[in-house]
Amino acid sequence: MRHWLIKSEPDVFGVDDLARAPKRTTAWEGVRNYQARNMLRDDVRKDDQAFFYHSSCEVPGIAGIIEVARAAYPDETQFDRKTKYYDAAATKDAPRWFNVDVRALKKTRLVSLEEMRRQKPLAKMVTLRPGNRLSITPVTEAEWQHILKLL
DNA sequence: GCCAACGTTGGC
DNA sequence: GCCAACGTTGGC
């Protein structure tokens, strides 16, 4: 099983929203970055687990643990003119964007970005690399285990 | 709200 | 294929 870190803005959809969703599951949609898209489509499998990270908020950091309930499938919002994710170049036959379904496993204490940066074993974590903005990044087994111990 | 970093677009 | 302009992300 692979591990990931996926970001969401709590003002838009946070860990509590996921916990309240039907079956504690939702489509994690709106990814419009090719690198992230490729990872979603090619590398993320059903039953993979991920940290749910709150970004663009007062205290950014890991707020929960989720699992992938469904592997990548075409993101419906790319066909919907009413959403900001609409992409005129995408067709049903050749979808350009994909999403996965994620299910809440548990809410954790907030492990802040600042705390993560203080952890030596996390020094090389992809999401902590300068300039990184990807909404999904891989987490190594060692990083995963280290963060679990912090909880 | 600012701004650095990065990605995308489009003219040439 | 280069690069300037523009848009987005996300920490602060």
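Rotation axes derived from the C1' atoms of the five outermost pairs at either end of the helix from B:dG1-C:dC12 to B:dC12-C:dG1 lie 10° apart, to the nearest 10°.
Checked against salt bridge (Lys or Arg N to Asp or Glu O under 4.0 Å), A:R118 has the following partners two or more places apart in sequence or in another chain: A:E114. A:K23 pairs by the side-chain contact (heavy atoms from CB on, under 4.5 Å) definition with A:T25, not counting sequence neighbours. Taking A:K124 as the reference, nothing meets the salt bridge (Lys or Arg N to Asp or Glu O under 4.0 Å) condition, with sequence neighbours excluded. Legend: residues meeting side-chain contact (heavy atoms from CB on, under 4.5 Å) with A:Y73, ordered by chain and number and at least two apart, are A:A27, A:R70, A:N99, A:D101. Annotation: side-chain contact (heavy atoms from CB on, under 4.5 Å) contacts of A:T137 (sequence neighbours excluded): A:L5, A:V126, A:T127, A:N132, A:L134. With sequence neighbours excluded, the residues satisfying side-chain contact (heavy atoms from CB on, under 4.5 Å) with A:K106 are A:I65, A:T108.
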Below 3.5 Å is the cut-off: list the nitrogen or oxygen pairs between protein and nucleotides 1-3 of chain C, distance only.
none

Polar atom pairs (N or O), protein with nucleotides 5-9 of chain C, under 3.5 Å:
from	atom 1	to	atom 2	distance (Å)
C:dT8	O2	A:R133	NH1	2.7
C:dT9	O3'	A:R133	O	3.4

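Side-chain atoms of A:T77 and A:D75 include a donor-acceptor pair closer than 3.5 Å.
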Side-chain polar contacts of residues 47-64 of chain A - donor-acceptor pairs under 3.5 angstrom, sequence neighbours left out - could you list them?
from	atom 1	to	atom 2	distance (Å)
A:D48	OD1	A:R2	N	3.2
A:D48	OD2	A:W4	NE1	3.0
A:D48	OD2	A:R45	N	3.0
A:H54	NE2	A:V15	N	3.0

Just distance, no hydrogens or angles: give the donor-acceptor pairs under 3.5 Å from side chains in residues 36-44 of chain A, sequence neighbours left out.
from	atom 1	to	atom 2	distance (Å)
A:R37	NH1	A:R96	O	2.7
A:N38	OD1	A:R41	NH2	3.4
A:N38	ND2	A:Y34	O	3.4

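Here side-chain hydrogen bond (donor to acceptor under 3.5 Å, both in side chains) pairs that include residues 138-151 of chain A, with residues two or more places apart or in two chains, are A:H3-A:E141, A:Q119-A:H146, A:T140-A:E143, A:E141-A:Q145.
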